[in-house]
Participant: 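The structure's right below; bear with me while I get my questions together.
Atoms within each ligand, like the ligands themselves, are counted from 1 in listed order.
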Amino acid sequence: MQVIATAGHVDHGKSALVRALTGMEPDRWAEERRRGLTIDLGFAWTKLPGGERVAFVDVPGHERFVPNMLAGVGPVPAVLFVVAADGGWMPQSAEHLAAIDAVGIRHGLLAVTRSDLADPGPATRQALDRFSRTSLGAVPAVAVSAVTGDGLPELRDALSRLVAALPVPDPAAPVRLWVDRAFSIRGSGTVVTGTLPAGTVTTGQELLLTPSLRPARIRGLESMNEPVASAGGVTRVAVNLRGVPAGFPARGMALVEAGRWTLTRLVDVRLSSRDPDMTLPPEMTLHIGSARTQARIRPLGGSPIARLALRDPLPLHVGDRVLLRDPGSAAMTILGATVLDVVPPALARRGAATAAGRELAAWPEPPSAADLLRRHGFLRAGALAAMGVAGGHRPVAGDWLADPDRWASLRGRLAEMVAAHARRDPLAIGMPPEAARAALGLPDRALVEALARDAQVRLEDGYLRPAGPPEAGDLVTGDPVAGDSVAGERAPSLPPRTAAAVKAVLADLEGAPFLAPDAGRLRELGLDARAIAAAARAGLLLRVTEQIVLAPDARAQAMRILAGLPQPFTTAEARQALGTTRRVAIPLLEYLDRAGVTQRLPDDRRRLRLAPWSTRARCGSARGSPRRTGRPGSRRSSARRDRCRPARRR
Ligand SMILES: Nc1nc2c(ncn2[C@@H]2O[C@H](COP(=O)(O)OP(=O)(O)OP(=O)(O)O)[C@@H](O)[C@H]2O)c(=O)[nH]1
Ligand SMILES: [Mg+2]
């Protein structure tokens, strides 16, 4: 099915022609029939010679009802333009053609009516000449008489060919059904009608009624007075809604699919067909679909780009065509515009408007995902889809899409910022990601984390620190730190004073690795809690407590020594074996307990837990323990034996 709207000057015979074609009465109101004047939209349908069905939206021609005409023409793909042979080209002929051109309708037919009253030649030539300079271009023309019926078969054939040539809309396209009538039926409830331009509506489907976004479930559907289970565009539909009180829906509202449209009050547009000498009024009426609202217009620079602030929010897509009309002006200005951005960024900086105008003027129609990402930097995939823009790159984090150039430059800035932060305050634990997020103007913390991964910045313990080799000369020693620590390769730089102090501590520990420097020595070296924490983070010291520091390999060394003791062992035995004092031994053993290296028993003795580097610690010592062995032959002890065997074989 297809839907075609009429167009043309008042009294030129639009309704008479629709009546002749369909046998239906398009003038629904008694007042219209009494006055012989169409006031509001009328609806009628018929079958064409080729079997296709076509519905007509019959519009009023009188200048007072142009807003009604625009509501009818808004969602249709084609027009039946009517000019009376005895009337010729008239003011509303021109205004209707301007509207058709503004919304960008490209398909149509010219019907020269009342051709029983005058020669249709001059009117045909006038009209076709004007069409040729609009979106309609060259269209077929047919001379007809609704009174005698002359030309009607030719017109039907021409309509058949027109309908066959119309593009078939995508049945999976997002649904936006502009309401052009709303009423209630006793027993059924609320009904709205409209022209569905694309997509599919189905009984049971839940849609949202804009601008309130009130959920509305489709209880029943009719197309051309017949109940249907579903309907795909282009078609006329009557939708019986559940969940919407009678009297609530009105023309200009729309039924939309959730998440597939952007409800917006602010849009950037490219004005087309603009006379360069024309000064834009500060405010115009904006029409799209069956909706209209007031729009404040702010030209962006000297370009054809403008920012529109709407009085009422509308469900829009990038690429939508809107019509702007100035009902107050003598010339009845009508402009078309293409929506370029439905969530345009604020223009705060000086010169931002001109820059935005220049950028958007270079955009293609319709703009691509890449264009929008370049402007916004970051967009959620869902937001891009709700803008009606397909494609986009792979998300960089979660469902965030990023402009590749912006991402690359932010990556550099993050690495620089984190390095600068570490240089400014080398003892600080790192840069909080939230600070980085704010400084880089990122909309989500997940983006900082993804950027850090890409930028070779480490995110550890919730802080950002530089990764990679430190700058030469900033290390404590040129050599890697002894033992199993990897700190030597990745240590961030320490201030020279701290580095020297760490070096002195390590020298102190060389002969007696468990005789940790006392508080006095640490003070003397200037190693306060912050400096110790920084050195420990860099992997240059093992921090047992705030006040007890050892060489980074002390833990591995302690494990080896304790493994040589009979298990379990007392604190005194451990202290002696480690060659240290109770001041160090007790916190060290507690540290090893916490680290899972040792286990403290109820009698205060300890034993090593299974350790991968020692067969004895894994199996022998555990087997020696009276508490852990279990009865011989029990599942537990045999499981332990199995676990030990491969270790022995190794
Ligand atoms: N002789 C003759 N009269 C016609 C023809 N078509 C329409 N009329 C008459 O012209 C007058 C206006 O016709 P309508 O169909 O109401 O015109 P309209 O374009 O729908 O007018 P509006 O909806 O008010 O803009 C009516 O009196 C019709 O009977 C025709 O082909 N021949
Ligand atoms: Mg009429």
Participant: Looking only at side-chain N and O atoms, does Thr200 offer a donor or acceptor that is under 3.5 Å from a partner on Ser230?
Facilitator: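 Distance-only check fails for Ser230 and Thr200.
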
Participant: Students should be able to answer this: which protein heavy-atom is nearest to atom 31 (O) of ligand 1, and at what distance?
Facilitator: Ala146 N, 2.7 Å

Participant: Does either side chain, that of Thr338 or that of Glu365, offer a donor lying less than 3.5 Å from an acceptor on the other one?
Facilitator: yes

Participant: Testing the 3.5 Å rule here: is there a donor-acceptor pair between the side chains of Arg236 and Thr195?
Facilitator: yes

Participant: Which of the atoms of ligand 1 are close to Ser145, meaning less than 4.0 Å from one of its heavy atoms?
Facilitator: 31 (O), 32 (N)

Participant: May I ask you to test the Ser223-Val228 pair for a side-chain heavy-atom distance under 4.5 Å?
Facilitator: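 Yes, side chains in contact.
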
Participant: Any chance CZ of Arg181 has more than 12 other-residue heavy atoms, nucleotides or ligands included, within less than 6.0 Å?
Facilitator: yes

Participant: With heavy atoms of Ser15 as the reference, note each atom of ligand 1 found under 4.0 Å away.
Facilitator: 15 (O), 18 (P), 20 (O), 23 (O)

Participant: For Thr293, run the side chain to side chain contact (heavy atoms under 4.5 Å, CB included) check against Asp312, Leu308, Thr285, Ile288 and tell me which one passes.
Facilitator: Asp312

Participant: Give me the residue, atom name and distance of the protein heavy atom closest to atom 15 (O) of ligand 1.
Facilitator: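 That would be Ala16 N, 2.7 Å.
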
Participant: Does an N or O from Lys14, backbone or side chain, lie closer than 3.5 Å to an N or O of ligand 1?
Facilitator: yes

Participant: Determine whether Arg380 and Asp399 satisfy the following criterion, salt bridge (charged side-chain N to carboxylate O under 4.0 Å, His left out), listing intermediate values before the conclusion.
Facilitator: CA-CA 5 Å; Arg380 286 183 184 279; Asp399 65 343; 2.7 Å; yes

Participant: Which residue holds the protein heavy atom closest to atom 23 (O) of ligand 1, what is that atom called, and what is the gap in Å?
Facilitator: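 Nearest neighbour among protein heavy atoms for atom 23 (O) of ligand 1, to 0.1 Å: Thr38 OG1, 2.6 Å.
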
Participant: Right, does atom 2 (C) of ligand 1 have protein non-hydrogen atoms nearer than 4.0 Å?
Facilitator: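 Yes; the ligand atom in question has protein heavy-atom contact below 4.0 Å.
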
Participant: I'd like to know if Arg176 pairs up with Asp320 as an ion pair, taking the criterion as any Lys NZ or Arg NE/NH1/NH2 lying under 4.0 Å from an Asp or Glu carboxylate oxygen.
Facilitator: yes

Participant: Identify the closest protein heavy atom to atom 12 (C) of ligand 1: which residue and atom is it, and at what distance?
Facilitator: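 Closest protein heavy atom to atom 12 (C) of ligand 1: Asp11 OD1, 3.4 Å.
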
Participant: Show which atoms of ligand 1 fall inside a sub-4.0 Å distance from at least one heavy-atom site of Gly61.
Facilitator: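 This gives 22 (P), 25 (O) as the contact atoms.
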
Participant: Evaluate the 4.0 Å heavy atom contact test for atom 27 (O) of ligand 1: does a protein atom fall under the cut-off?
Facilitator: no

Participant: Any Lys/Arg nitrogen of Glu283 or Arg296 sitting under 4.0 Å from an Asp/Glu carboxylate oxygen of the other?
Facilitator: no

Participant: In the protein, which heavy atom is nearest to atom 14 (P) of ligand 1, and how far is it?
Facilitator: Gly13 CA, 3.7 Å

Participant: Would you say the side-chain atoms of His376 and Asp341 include a donor-acceptor pair closer than 3.5 Å?
Facilitator: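 A donor-acceptor contact under 3.5 Å links the two side chains.
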
Participant: At a cut-off of 2.8 Å, what protein N/O/S atoms sit near the Mg ion (ligand 2)?
Facilitator: Ser15 OG, Thr38 OG1

Participant: Could you tell me the residue and atom name of the protein heavy atom closest to atom 9 (C) of ligand 1, and the distance to it rounded to 0.1 Å?
Facilitator: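 Nearest protein contact, heavy atoms only, for atom 9 (C) of ligand 1 is Arg114 NH1, 3.5 Å.
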
Participant: Where on Asp27 is there a heavy atom closer than 4.0 Å to ligand 1, on the side chain, on the backbone, on both, or on neither?
Facilitator: neither

Participant: Does the Lys NZ or Arg CZ of Arg28 fall within the cation-pi geometry relative to Phe43 - under 6.0 Å from the ring centre and within 45° of the axis?
Facilitator: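 The answer is no; the distance or angle limit is not met.
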
Participant: I need the atoms of ligand 1 closer than 4.0 Å to a non-hydrogen atom of His12, numbered in the order shown.
Facilitator: 17 (O), 19 (O)

Participant: Do you see a donor-acceptor pair shorter than 3.5 Å between the side chains of Thr6 and Asp58?
Facilitator: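 Indeed, the side chains of Thr6 and Asp58 share at least one donor-acceptor pair under 3.5 Å.
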
Participant: List the closest protein heavy-atom neighbour of atom 16 (O) of ligand 1: residue, atom name, distance to the nearest 0.1 Å.
Facilitator: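 Answer for atom 16 (O) of ligand 1: Gly36 O, 3.9 Å.
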
Participant: What pair of heavy atoms forms the shortest contact from Leu221 to Ala229, and how long is it?
Facilitator: CD1-O, 3.6 Å

Participant: Polar contacts were defined as any N/O atom of the residue lying under 3.5 Å from an N/O atom of the ligand; does this apply to Leu117 and ligand 1?
Facilitator: no

Participant: One residue to check: Asp116. Relative to ligand 1, which of side chain, backbone, both or neither has a non-hydrogen atom less than 4.0 Å away?
Facilitator: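 The side chain, only.
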
Participant: So, Ser145 versus Ser115: side-chain donor-acceptor pair below 3.5 Å or not?
Facilitator: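 Per modelled atom types, Ser145 and Ser115 side chains form no pair under 3.5 Å.
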
